[in-house]
Protein chains: 2
Amino acid sequence: MIDSIDIFGGETPSTIDGKGRTCIPAKFRDALANLSEDTRFIITKAAPVDLGDGTFGRGLSVYPLDTWAGIKKKILANEGGFTSAQLNSIKRQIVNPAEECSADKLGRALIPSSLRLHAELERDIWFVGMGQRFDIWSKGTYCRINAQDEKNFPLDSEALAAMGV
Amino acid sequence: MIDSIDIFGGETPSTIDGKGRTCIPAKFRDALANLSEDTRFIITKAAPVDLGDGTFGRGLSVYPLDTWAGIKKKILANEGGFTSAQLNSIKRQIVNPAEECSADKLGRALIPSSLRLHAELERDIWFVGMGQRFDIWSKGTYCRINAQDEKNFPLDSEALAAMGV
DNA sequence: ATATATTTCCCATGCAGTGGAAAAATGTGG
DNA sequence: CCACATTTTTCCACTGCATGGGAAATATAT
């Protein structure tokens with residue numbers, strides 16, 4: 001059973017060129033085209049990941065236009081029941097930085113420079129399918145996140161058995 | 001689904017030159033032109049942001065002429081139901097400082113010196129899309145706001161999950 | 001009335017973003 | 001293992017935005 005949270009999957013290494021463009025992996029492009037005629041998407045900041053050494057790994061999240069519209073609506077309607085100070089903080093962190101983008105005829109997209117800077121994307125990057133969205137990380141950051149995950153929450157047989165793996 | 005609150009989006013770094021001029025980012029100019037033939041706008045003081053150390057970050061908010069007219073009308077009609085002392089305070093804080101501006105033929109606007117001073121705009125600044133308006137912050141203030149947001153209300157998985165992210 | 005400061009307009013320049021072509025790499029089927 | 005198709009990367013040329021400076025026009029002060 002494939003449902004709507006299974007749209008984007010898999011990890012794909014890629015690169016960003018000197019002008020900040022990157023080739024969206026073909027399977028993600030196909031998934032976007034599958035989902036809707038409108039293949040535009042929204043790029044924004046991903047939730048920072050605690051690297052365990054007092055620093056945070058920063059990356060980007062990419063949503064199909066409609067998916068983002070739904071999320072934004074929920075945030076603005078404060079479905080999480082936050083205080084107004086918290087809600088403003090959330091807006092500043094992920095709603096305001098969001099930018100609408102699209103791929104050119106060759107499947108490339110320009111990552112807006114402010115977001116490129118935020119995620120420290122220079123050359124080598126990873127695309128990571130996350131179900132209803134996909135994330136973009138610099139290679140270095142993604143390596144550190146993986147190492148931290150392994151140390152922090154090792155997947156032993158117990159943990160896996162609890163989920164029928 | 002794109003609606004009227006999605007006009008201005010994204011963060012753009014820029015500068016103010018020695019004459020107090022700044023180039024309005026092209027996408028914001030386009031959005032203004034899209035919205036109405038009259039591309040004038042209103043600049044006023046933004047709501048100060050608590051920086052957590054007893055100080056406040058001050059910036060500016062920019063509204064299309066029509067949008068501002070609607071907001072001003074609501075304020076003056078006291079739709080918020082404030083006491084008259086509160087209402088006067090609100091007027092002094094954001095209605096009175098408001099100034100009408102426009103971009104020159106090259107897309108640059110002169111920020112009135114009183115507002116420049118209020119927001120401590122010197123050289124490096126950020127334009128931040130906020131939906132129906134956009135804000136202008138000095139680079140230093142904007143950095144402090146972001147740092148404060150992260151410290152104060154980190155976007156962890158819990159917070160985001162509450163909103164379907 | 002004259003000097004000084006402020007604002008507006010225009011030009012020149014550098015650089016970021018856009019698009020296409022083609023080479024290189026990768027995957028696919030025979 | 002080879003031939004072919006697709007995807008990804010690199011390269012180059014072009015457009016348009018951003019930026020700084022000079023000069024004209026306007027306002028303000030002396």
Side-chain angles (χ1 to χ4, degrees), chain A residues 8-34 39-43 60 62 97 99-129 134 136-139 142, chain B residues 8-34 39-43 60 62 99-118 121-129 134 136-139:
Chain A
F8 302 109
E11 303 171 308
T12 311
S14 189
T15 56
I16 287 209
D17 68 21
K19 296 177 180 172
R21 288 184 300 186
T22 183
C23 191
I24 308 293
K27 61 178 170 182
F28 290 169
R29 259 182 292 154
D30 292 345
L32 280 166
N34 250 357
T39 56
R40 285 176 299 172
F41 43 86
I42 297 287
I43 311 185
L60 307 177
V62 181
E99 303 219 35
E100 184 183 305
C101 300
S102 63
D104 65 20
K105 288 179 186 173
L106 284 130
R108 293 173 302 187
L110 179 76
I111 311 292
S113 60
S114 59
L115 295 174
R116 221 152 60 208
L117 208 67
H118 170 79
E120 297 171 49
L121 306 182
E122 277 166 25
R123 202 193 132 74
D124 294 301
I125 62 176
W126 279 91
F127 283 89
V128 184
F134 60 90
I136 305 176
W137 302 94
S138 80
K139 184 182 168 190
Y142 198 54
Chain B
F8 302 109
E11 304 170 307
T12 310
S14 189
T15 56
I16 290 208
D17 66 21
K19 301 176 183 177
R21 293 179 302 183
T22 183
C23 192
I24 308 293
K27 61 179 171 181
F28 289 168
R29 259 182 293 154
D30 292 346
L32 281 166
N34 250 358
T39 56
R40 286 175 298 172
F41 43 85
I42 297 288
I43 311 186
L60 307 177
V62 181
E99 301 217 36
E100 183 183 307
C101 301
S102 63
D104 65 21
K105 289 181 183 171
L106 281 139
R108 286 183 292 197
L110 182 75
I111 311 291
S113 59
S114 59
L115 294 173
R116 220 180 327 165
L117 207 67
H118 169 79
L121 306 181
E122 277 165 24
R123 200 190 135 75
D124 293 302
I125 62 175
W126 279 91
F127 284 88
V128 185
F134 59 89
I136 305 176
W137 301 93
S138 81
K139 185 180 168 189

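Chain identifiers are assigned alphabetically (A, B, ...) following the order of the sequence lines, protein sequences preceding nucleic acid strands; residue numbering begins at 1 within each chain.
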Atom CG of Asp124(B) to atom C1' of dA18(D): distance rounded to whole Å?
14 Å
Parallel, tilted or perpendicular: which describes the rings of Phe134(A) and Phe28(A), with under 30° parallel and over 60° perpendicular?
parallel
OH-CG distance between Tyr142(A) and Asp124(A), expressed to the nearest 0.5 angstrom:
14.5 Å
For Arg116(B) and Ile111(B), indicate whether the former's side chain and the latter's backbone hold a donor-acceptor pair under 3.5 Å.
yes
Taking NZ in Lys27(A) as the centre, count heavy atoms belonging to other residues, nucleotides or ligands within less than 6.0 Å. Is the count above 12?
yes
Counting only heavy atoms and a strict 4.0 angstrom limit, can you tell me which residues of residues 12-27 of chain B come near DNA chain D?
Ser14(B), Thr15(B), Asp17(B), Lys19(B), Arg21(B), Cys23(B), Ile24(B), Pro25(B), Ala26(B)
If you find the nucleotide of DNA chain D closest to Asp30(B) and the one closest to Leu106(A), which residue's nucleotide is nearer the 5' end?
Leu106(A)
Taking only the side-chain nitrogens and oxygens of Arg123(B), find out if one of them lies under 4.0 Å from OP1 or OP2 of dG20(D).
yes
Whole Å only: how far is the CG atom of Leu110(B) from the P atom of dA5(C)?
17 Å
Nearest 0.5 Å, what's the CG-CG distance between Leu110(A) and Leu115(A)?
10.0 Å
For the CD atom on Glu120(A), are there more than 12 heavy atoms of other groups (residues, nucleotides or ligands in this structure) within a distance under 6.0 Å?
no
Side-chain polar contacts of residues 14-22 of chain A - donor-acceptor pairs under 3.5 angstrom, sequence neighbours left out - could you list them?
| residue | atom | partner | partner atom | Å |
| --- | --- | --- | --- | --- |
| Asp17(A) | OD1 | Lys19(A) | N | 2.8 |
| Asp17(A) | OD1 | Gly20(A) | N | 3.1 |
| Asp17(A) | OD1 | Arg21(A) | N | 2.9 |
| Asp17(A) | OD2 | Arg21(A) | NE | 3.3 |
| Thr22(A) | OG1 | Thr15(A) | O | 2.9 |

From CZ of Phe127(B) over to P of dC17(D), roughly how many Å is that when rounded to an integer?
15 Å
List, with names and distances, any nitrogen or oxygen atoms from the protein found under 3.5 Å away from nitrogen or oxygen atoms belonging to nucleotides 24-28 of chain C.
none

Atom of Ala109(A), atom of Phe41(A) and distance for their closest heavy-atom approach
CB-CZ, 3.9 Å
Side-chain N,O (Lys105(A)) to OP1/OP2 (dG19(C)) below 4.0 Å:
no
Checking Thr12(B) side chain against Pro25(B) main chain: does a donor-acceptor pair fall under 3.5 Å?
no
Checking only heavy atoms, does the side chain of Arg108(A) share a donor-acceptor pair with the base of dT10(D) at less than 3.5 Å?
yes
Nucleotide dT8(D), atom C1' - distance to CG of Asp104(A) in whole Å
12 Å
